[in-house]
Amino acid sequence: LALLVATTVSLVTTRLGGLQVTEVESALLADELEERWQGAERRSLGAVEDYGPERMTMLGSRLLDDSETLTWGITVGSEPEIWAAVEDDAGDALARIAREPSELTAAMWLRTLWRGGVSAFMIAWIAFWGGVILINRAVDRLDQAQAAILDSARRDPLTGLLNRQGFELLVGSRAASNQPGWLFIIDIYRFRELNDAAGPEQGDAVLVELANRIRGLLNDGAVASRIGADVFGLWRSDIDTDDQAHQFGLELHEALSAPYSLAGARVSRRLHIGMCPCVASDAEGIGISRAETAMRSARERQVPVMRWTDDLADWQRDAVELMAALEDAIAQQALDVYYQPVRDLKSGQWVSMEALVRWKHPERGFISPGVFIPMAETHGLIKPITAFVLEHAATTLHHLHQRGCTSCTVAVNLAALSLVDVELPERISDIVRACGIDASSMHLEITETSTFGDTDASMATLTRLSELGFSIHLDDFG
């Protein structure tokens with residue numbers, strides 16, 4: 001379109017400009033031709049008279065440049081000797097034009113079109129290459145903007161690492177190019193509760209610090225990502241054997257488990273790492289999925305590093321089914337609380353009892369607390385279980401007091417994860433108050449490793465419970 005417009009404008013401009021200029025040229029050439037016509041030989045005059053001086057002057061002024069040679073050629077008309085003196089091939093053309101006025105008219109238009117065409121061509125050429133340059137610049141800027149948008153869409157805004165989409169694309173492309181490697185999936189144990197207790201800003205600070213530690217462990221060809229709220233991924237191509245992968249997994253666990261800064265305090269985080277080899281024959285995304293399964297297995301079994309094996313596929317299906325059944329049992333209050341009595345050997349009287357939660361699966365029978373309690377902690381179900389056991393124990397103790405066993409107390413185990421719940425002390429206080437029992441009659445038992453993760457948060461919870469009158473006991477000592 002630009003080329004067409006430029007050509008049209010140039011032709012029109014040149015044509016109009018040529019007509020305006022030739023009017024001036026006509027007056028100048030008329031005088032010169034008139035003088036030459038009056039002084040020319042008679043035979044030349046006869047040739048000129050055949051056309052007429054006025055017509056020759058008008059046509060010549062429109063067609064020819066005002067050079068001496070061409071003007072003289074028009075004036076003398078049919079003189080062969082003079083035509084032969086005309087320089088270049090224009091002499092033959094001018095001789096024909098002098099004899100055929102139609103050729104003169106055609107030449108006039110050809111000249112006009114030639115001049116306009118040259119001008120149009122030059123303008124179009126400049127416009128074309130200018131347009132090419134502008135278009136290239138626009139395309140470059142568009143490509144840069146598109147690349148920035150794609151990169152932003154594939155990166156985690158908090159840590160700057162690749163997100164899950166970007167990580168899956170990268171791993172898939174390297175697997176497709178037959179570049180083997182190892183995948184490591186890293187889970188921050190109990191991070192959700194830490195984030196709720198300390199606040200999202202402090203939780204984000206822990207995530208950023210962990211991401212920076214991962215960057216410090218990257219070598220050439222390694223890529224890190226944040227594929228979930230508290231889950232990170234790592235891909236390395238320089239690991240050849242299972243032993244090397246396991247050794248790196250342990251080093252990774254040690255580096256990332258070191259204490260983190262949280263509101264001026266140092267907080268330790270327990271991590272679980274799943275690893276899996278990634279080869280070209282794997283389907284898209286299968287390597288990441290397997291590494292995630294290995295990570296969940298490590299978390300359930302409370303081990304630092306776990307490698308994917310085919311047996312874990314059956315374990316994963318079983319874990320999913322068991323988790324769904326546990327959620328249903330909690331919603332339907334199908335868990336049971338058993339009480340282990342404590343008697344005074346001298347008097348034979350009950351002095352205390354310990355509340356123990358049990359789950360009887362409708363098909364599998366009793367499920368060990370060592371199995372379903374870690375599952376509940378991992379999937380955020382420990383809070384409703386703890387609340388259920390506390391309410392059941394407080395209600396049972398209230399009934400015993402009404403029957404005359406006023407000195408009896410009850411002990412309830414608190415999961416380690418409960419100690420980072422800042423609302424726990426007030427919630428327990430509300431339960432015992434609603435049941436009409438004294439806080440001192442409820443003993444809260446924790447394991448010796450319960451406070452190892454978040455020391456400051458755990459100590460704050462224990463201090464508040466003590467202030468409310470609850471008795472704290474350490475279980476499993478030694």
Side-chain angles (χ1 to χ4, degrees), residues 151-172 181-215 217-218 222-236 249 252-253 255-257 260 262 267 269-276 278 282 284-308 312 315-316 319-320 323-324 327 374-383 417 420 453-454:
D151 184 72
S152 176
R154 296 171 182 174
R155 287 198 176 275
D156 172 48
L158 177 63
T159 62
L161 301 177
L162 290 176
N163 58 18
R164 187 179 189 92
Q165 179 188 15
F167 191 59
E168 288 178 346
L169 289 173
L170 181 138
V171 173
W182 277 80
L183 287 165
F184 298 84
I185 302 298
I186 307 153
D187 172 66
I188 308 176
Y189 186 56
R190 294 159 40 188
F191 178 78
R192 181 184 303 175
E193 284 70 19
L194 170 65
N195 192 64
D196 293 341
E201 291 185 0
Q202 297 298 326
D204 288 349
V206 172
L207 294 175
V208 171
E209 185 174 349
L210 187 142
N212 291 334
R213 292 185 187 183
I214 293 178
R215 285 192 181 93
L217 298 173
L218 297 181
V223 179
S225 69
R226 182 190 177 197
I227 62 176
D230 53 2
V231 180
F232 291 78
L234 183 63
W235 187 90
R236 287 190 60 171
L252 186 65
H253 182 273
L256 301 182
S257 298
Y260 292 82
L262 184 64
V267 177
R269 289 286 86 200
R270 187 188 307 172
L271 303 176
H272 300 100
I273 301 175
M275 60 184 190
C276 174
C278 181
D282 290 340
E284 183 177 357
I286 191 65
I288 297 177
S289 177
R290 288 175 174 176
E292 287 179 315
T293 300
M295 176 270 293
R296 286 189 286 270
S297 177
R299 186 173 59 194
E300 299 292 346
R301 302 179 188 186
Q302 296 298 302
V303 295
V305 181
M306 176 73 68
R307 185 200 188 281
W308 159 264
L312 290 182
W315 172 88
Q316 183 181 22
V320 170
M323 189 65 232
E327 290 178 343
M375 288 179 59
E377 289 182 328
T378 300
H379 294 85
L381 298 176
I382 196 63
K383 184 180 292 186
L417 204 55
V420 298
D454 302 322

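For this chain, numbers begin at 1 and follow the sequence in order.
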Enquirer: Of all the heavy-atom pairs spanning Leu161 and Ala211, show the shortest one and how long it is.
Expert: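 Smallest heavy-atom distance, with atoms named: CD1-CB, 3.8 Å.
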Enquirer: Heavy-atom distance under 4.5 Å between the side chains of Asn163 and Arg155, does that happen here?
Expert: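 Counting from C-beta outward, Asn163 and Arg155 never come under 4.5 Å.
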Enquirer: Measuring only between side-chain heavy atoms, which start at C-beta, is Leu234 closer than 4.5 Å to Leu218?
Expert: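 A side-chain contact exists here, since the closest heavy-atom pair is under 4.5 Å.
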Enquirer: Answer whether the closest heavy-atom distance between the side chains of Leu271 and Ile188 falls below 4.5 Å.
Expert: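 Counting from C-beta outward, Leu271 and Ile188 do come under 4.5 Å.
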Enquirer: If you compare all heavy atoms of Ser225 against all heavy atoms of Phe167, which two are closest, and at what distance to 0.1 Å?
Expert: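 Ser225 and Phe167 have their closest heavy atoms at OG-CG, 3.1 Å.
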Enquirer: Out of curiosity, Ser289 OG to Trp308 CH2, how far, rounded to the nearest 0.5 Å?
Expert: 7.0 Å
Enquirer: Can you give me the closest heavy-atom contact between Leu217 and Ala255, atom names plus distance?
Expert: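 Minimum heavy-atom separation between Leu217 and Ala255: CD1-CB, 4.1 Å.
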Enquirer: Using every non-hydrogen atom in the two residues, find where Gly233 and Ile185 come nearest and quote the distance to one decimal.
Expert: CA-CD1, 4.0 Å
Enquirer: Does this structure show an ion pair linking Arg164 with Glu168, if we count only N-O contacts that are shorter than 4.0 Å?
Expert: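 Judged by the 4.0 Å cut-off on N to carboxylate O distance, Arg164 and Glu168 do form a salt bridge.
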Enquirer: Rounded to the nearest 0.5 Å, how far does CZ of Phe232 lie from CG of Asp187?
Expert: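 Result: 10.5 Å between the selected atoms.
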Enquirer: Got Arg290 and Leu312 here, is their nearest side-chain heavy-atom distance under 4.5 Å?
Expert: no
Enquirer: Decide yes or no for Tyr260 and Arg213: does some side-chain heavy atom of the first lie under 4.5 Å from some side-chain heavy atom of the second?
Expert: yes
Enquirer: Check Cys278 against Leu183 and note the closest heavy-atom contact, atom names and distance.
Expert: CB-CD1, 4.1 Å
Enquirer: Would a 4.5 Å heavy-atom cut-off, applied to side chains only, mark His272 and Met306 as touching?
Expert: no
Enquirer: Could you give the distance from NE2 (His253) to CZ (Phe184), rounded to the nearest 0.5 Å?
Expert: 13.5 Å
Enquirer: Return the CZ to OG1 distance between Arg215 and Thr159, rounded to the nearest 0.5 Å.
Expert: 6.0 Å
Enquirer: Quick one: CG on Leu170 to CG on Leu162, what's the gap to the nearest 0.5 Å?
Expert: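 Answer rounded to 0.5 Å: 6.5 Å.
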Enquirer: Look only at the side chain of Arg226 and the backbone of Gly228, and say whether a donor-acceptor pair between them is shorter than 3.5 Å.
Expert: yes
Enquirer: Find the distance between CD1 (Ile286) and OG1 (Thr293) and round it off to the nearest 0.5 Å.
Expert: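 Between atom CD1 of Ile286 and atom OG1 of Thr293 there are 8.0 Å.
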